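Heads up, the thing below is written out as C-alpha cells.
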Amino acid sequence: MKSNLTITNWDRAYAQGKYDQEGAIPFVQDIIATIKERDLVDKLGFYPGCGNGRNFVPLFDAGLNLEGNDISPVAIEQLKTRRPKASATVGDFLTHKASQQYAYVLSIQLFQHGNQEVVRQLFDKAYELLQPKGLFVLRVNSIHTQIVQEYDTTEHTPEGGFTIKYHSGQKNGLEIHFYSAEEIHALTE
C-alpha cells in the first residue's frame, strides 16, 4: 500500500501545516465514550494512520492505552513533539508487526486509501491484529460523499461501492475508495 508518492504527499502536507488549526473530529468523543462503556480504557488499542495527532491526541489525553502508526515521518515527529510520551511509530499498516493482538483497532479515514483489493487487505490486517471479539472502529467515505475535485471512477464493487483516482489536489494520482453500507457489512461479517 505504501508508495513514495503517498509518503511525499503526506509529508509535504504535514510540513505545510495540515490540521494545525483543526481540532479533532466529533467522532472522537463517540470513540472515547464507547471505549469507556466497554471498559477498554486500560486495554491496548491501535490507531493506524494516526497522522500528526489531530484525533490521536484527544484519545491519548482521555487516558486510552493507544499505539499510533503512520507512514509519514513528518506526522509522527509532530505528534511526538505534541505528546512525547505517546507510543507512535512510522510504518505501513499492512506490514505492521505487533507483539500482541489489540483489544481495539481505530481507523479514521485510512481504510479508504486504495482500490477494492487494498481495501480487502486492510480489513484482513485489522482482523489479524484484533483479539477475538475485539472492537473495530471505522470511519470512511460513503458512496454519498460529494467529490469536488477532478477524478475518474476506476472500479465498482458488487455491493455498490466504488473507487476513484484523483486528478488534482493533495490526493492527485491516488485511488480512494467510497463504501456502501452493504459493502461494509460484507467486509465485517
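Owing to the predicted nature of the structure, the values given are computational and were not obtained by experimental measurement.
- Remark: side-chain polar atoms of Ser180 are paired, donor with acceptor, to backbone N or O of Glu159 under 3.5 angstrom.
- In this view, Phe136 and Phe111, Phe123 satisfy the ring pair (Phe, Tyr, Trp, His ring centres under 6.0 Å) rule, not counting sequence neighbours.
- A search for side-chain contact (heavy atoms from CB on, under 4.5 Å) contacts involving His185 returns Ala181, not counting sequence neighbours.
- Separation of atoms CG (Asn55) and SG (Cys50) is listed at 10.0 Å; rounding is to 0.5 Å.
- In this structure, the salt bridge (charged side-chain N to carboxylate O under 4.0 Å, His left out) partners of Arg83, at least two apart in sequence or on a different chain, are Asp61.
- Applying the side chain to side chain donor-acceptor pair (under 3.5 Å) test to every pair with at least one member in residues 25-35, sequence neighbours left out, gives no pairs at all.
- Residues passing the side-chain contact (heavy atoms from CB on, under 4.5 Å) test with Asn141, sequence neighbours excluded: Gln109, Gln112, Thr145, Ile176, Phe178.
- For the pair His113 and Val118, the minimum side-chain heavy-atom distance is 4.5 Å or more.
- Here the shortest heavy-atom pairing between Glu150 and Ser168 reads N-OG, 3.7 Å.
- Of all non-hydrogen atoms in Phe56 and Ala86, the two that sit nearest each other are CE2-CB, 3.7 Å.
- Every residue was checked against the ring pair (Phe, Tyr, Trp, His ring centres under 6.0 Å) condition with Phe60, not counting sequence neighbours, and none meets it.
- The CD1 atom of Ile108 lies 6.0 Å from the CG atom of Leu59; values are rounded to the nearest 0.5 Å.
- Under the 4.5 Å side-chain contact rule for hydrophobic residues, Val90 and Leu110 do not share a cluster.
- Residues Leu94 and Val140 share a single hydrophobic cluster, defined by chaining ILVMFWY side chains whose heavy atoms lie under 4.5 Å apart.
- In this structure Asn52 satisfies the side chain to side chain donor-acceptor pair (under 3.5 Å) test together with Gln78, sequence neighbours excluded.
- Val41 and Val105 are assigned to two separate hydrophobic clusters, defined by single-linkage of ILVMFWY side chains at heavy-atom distances under 4.5 Å.
- Qualifying side-chain contact (heavy atoms from CB on, under 4.5 Å) partners for Ala88, counting only residues two or more places apart in sequence or in other chains: Ile76, Leu79, Lys80.
- Asn69 and Gly91 get closest at one heavy-atom pair: OD1-O, 3.1 Å.
- Here the shortest heavy-atom pairing between Asp70 and Gly51 reads OD2-N, 2.7 Å.
- Under the salt bridge (Lys or Arg N to Asp or Glu O under 4.0 Å) criterion, no residue pair touches residues 167-179, with sequence neighbours excluded.
- Among pairs with a residue in residues 34-59, those fulfilling salt bridge (Lys or Arg N to Asp or Glu O under 4.0 Å) read Glu22-Arg54, at least two apart in sequence or across chains.
- Sorted by first and then second residue, the salt bridge (Lys or Arg N to Asp or Glu O under 4.0 Å) pairs with a member in residues 101-129 read Arg120-Asp124, Lys125-Glu128; sequence neighbours excluded.
- Tyr102 meets the ring pair (Phe, Tyr, Trp, His ring centres under 6.0 Å) test with Phe46; sequence neighbours excluded.
- Annotation for Ile71 and Pro73: closest pair O-CD, 3.1 Å, computed over non-hydrogen atoms.
- Atoms CD and CG, from Gln131 and Leu129 in turn, are 11.0 Å apart once rounded to the nearest 0.5 Å.
- Remark: Ile25 CD1 to Arg139 CZ distance equals 3.5 Å, nearest 0.5 Å.
- Annotation: the span from Tyr104 atom OH to Leu135 atom CG amounts to 9.0 Å, rounded to 0.5 Å.
- Shown here for Tyr14 and Ser72, the closest heavy-atom pair between the two residues is CD1-OG, 3.7 Å.
- By the rule that hydrophobic residues join a cluster once side-chain heavy atoms approach within less than 4.5 Å of another member, Leu138 and Phe93 end up as members of one cluster.
- Gln101 contributes a side-chain N or O that, together with a main-chain N or O of Leu130, makes up a donor-acceptor pair within less than 3.5 Å.
- Tyr179 contributes atom OH, which lies 8.5 Å from atom OG1 of Thr163 (distance to the nearest 0.5 angstrom).
- Using a 4.5 Å heavy-atom cutoff, the side chains of Ile143 and Glu183 are not in contact.
- Note on Val137: it clusters hydrophobically with Leu40, by side-chain heavy-atom contacts below 4.5 Å among ILVMFWY residues.
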